[in-house]
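Data block below; observations after.
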2 protein chains.
Amino acid sequence: MSLSQIRYFVTVAEEGNVGRAAQRLYVAQPAVSRQIRALEDEIGTRLFSRTPRGMTLLPPGRVFLDHARAILAAVDDAADAARAEGVTPPVGASSPAASRRPPG
Amino acid sequence: MSLSQIRYFVTVAEEGNVGRAAQRLYVAQPAVSRQIRALEDEIGTRLFSRTPRGMTLLPPGRVFLDHARAILAAVDDAADAARAEGVTPPVGASSPAASRRPPG
DNA sequence: GTCCGGCCAGATCAAAACGGCATTGGACGG
DNA sequence: CCGTCCAATGCCGTTTTGATCTGGCCGGAC
């Protein structure tokens with residue numbers, strides 16, 4: 001399972017359509033189709049129901065969607081938090097971390 | 001940023017040593033070294049201090065470590081939750097999801 | 001001062017993953 | 001039956017990842 005697969009999944013779930021999701025992701029349709037399939041294989045359950053009108057979330061997909069969004073948000077948060085800690089704030093900054101920052 | 005990079009990071013943080021982390025991850029040392037570097041490049045901040053005795057977490061790394069563990073746990077949770085929803089439970093199961101499951 | 005051991009990082013090559021294009025196969029409407 | 005829309009597959013080139021080998025850096029032993 002990769003973060004790309006999770007992003008693909010969320011987009012397909014939102015669009016209900018692999019082709020449109022691929023456009024939003026700036027990749028071709030087969031790439032999205034394959035990654036969704038791989039994700040389902042790894043989890044061991046179908047996440048979507050394939051219909052001639054597009055893709056519909058199955059119950060496992062609905063559950064996974066909530067988690068997937070949380071994961072993507074957590075990833076962004078993690079990077080932001082590390083970056084924020086990386087910049088050297090001015091002395092006497094309001095962050096509680098300022099007092100436990102070593103000199104090095 | 002990839003989940004592998006996050007796993008590599010957590011292991012190196014726990015071991016304080018790229019070589020030992022690589023052993024635990026069943027990959028070679030340079031692979032871990034490169035992924036850690038790539039992660040730092042993407043975030044835009046050094047996460048470790050390189051010393052001749054090993055790797056020590058810098059403040060951004062300490063912050064990132066908490067988030068990283070949460071992400072990995074969330075990924076496992078997501079897969080487990082989807083799988084749990086994927087199995088068809090017996091009628092009258094105690095899960096509240098049972099009542100909103102379509103016939104499939 | 002010199003040698004040795006541990007550790008991280010770079011270069012190079014091979015394997016795997018990924019994506020794109022072209023195409024197939026299934027369902028629906030005219 | 002034919003055109004349209006959608007997802008899935010085959011094939012190929014590109015990108016990414018990892019393994020191996022090698023070098024540089026530092027500390028300890030003597």
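Here the structure is a predicted model, which means the values were calculated and not measured. The chains referred to below are lettered A, B, ... by the order of the sequence lines, with proteins before strands, and numbering in each begins at 1.
Side-chain contact between R83(A) and D80(A) is present, with heavy atoms from C-beta onward closer than 4.5 Å. Between R46(A) and R37(A), some side-chain heavy-atom pair lies under the 4.5 Å cut-off. Contact check for L47(A) versus I36(A): no side-chain heavy atoms found under the 4.5 Å cut-off.
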- Q23(A) and E15(A): CA distance, side-chain angles, deciding distance, side-chain contact (heavy atoms from CB on, under 4.5 Å) verdict: CA-CA 10 Å; Q23(A) 282 185 320; E15(A) 294 290 340; over 6 Å; no

Please walk me through it: do F64(A) and L58(A) pass side-chain contact (heavy atoms from CB on, under 4.5 Å)?
CA-CA 10 Å; F64(A) 190 75; L58(A) 293 172; over 6 Å; no

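Put simply, Q35(A) has no side-chain N or O that comes within less than 4.0 Å of OP1 or OP2 on dA17(C). OP1 or OP2 of dA9(C) sits under 4.0 Å from a side-chain N or O of S33(B). In this structure, N17(B) does not reach the dG6(C) phosphate: none of its side-chain N or O atoms is under 4.0 Å from OP1 or OP2. Between Y8(B) and dG18(D) there is a side-chain N or O to OP1 or OP2 distance below 4.0 Å.
With rounding to whole Å, E40(A) atom CD is found 12 Å from dA8(D) atom C1'. A straight line from CE of M55(A) to P of dG26(C) spans 18 Å, rounded to a whole angstrom. Rounded to an integer number of Å, the gap from CD1 of I36(B) to C1' of dG10(C) is 17 Å. In this structure, L3(A) atom CG and dC18(C) atom P are separated by 12 Å, rounded to whole Å. In this entry the distance linking CD of Q23(B) with P of dC8(C) reads 11 Å, nearest Å. For M1(B) and dT16(D), the CE to C1' distance is 17 Å, given to the nearest whole Å. Put simply, CD on E15(A) is 14 Å from C1' on dC6(D), counting in whole angstrom units. Rounded to an integer number of Å, the gap from D41(A) CG to dA17(C) P is 13 Å.
Taking 3.5 Å as the limit, the base of dG10(C) and the side chain of R37(B) contain no donor-acceptor pair of atoms between them.
A side-chain contact (heavy atoms from CB on, under 4.5 Å) with F48(B) is found for exactly one of V12(B), L39(B), V18(B), namely V12(B).
Among the nucleotides dA7(D), dA19(D), dA9(C), the one closest to the side chain of Q29(A) is dA7(D). Nearest nucleotide to the side chain of R53(B), out of dG20(C), dA19(D), dG27(D): dG27(D). Closest approach to the R34(B) side chain among dA19(D), dG20(C), dC8(C) is made by dA19(D) (side chain taken as heavy atoms from C-beta onward). Looking at the side chain of P52(A), the nearest of the listed nucleotides dC26(D), dC28(C), dA8(D) is dC28(C). Distances from the side chain of V18(A) to the nucleotides dA19(D), dA22(C), dA7(D) place dA7(D) closest. Nearest nucleotide to the A31(B) side chain, out of dG18(D), dA7(D), dT20(D): dG18(D).
Take the nearest nucleotide of DNA chain C for R50(B) and for A28(A): the residue whose nucleotide is more 5' is R50(B). If you find the closest nucleotide of DNA chain C to G16(B) and to Q5(A), the one lying nearer the 5' end belongs to G16(B).
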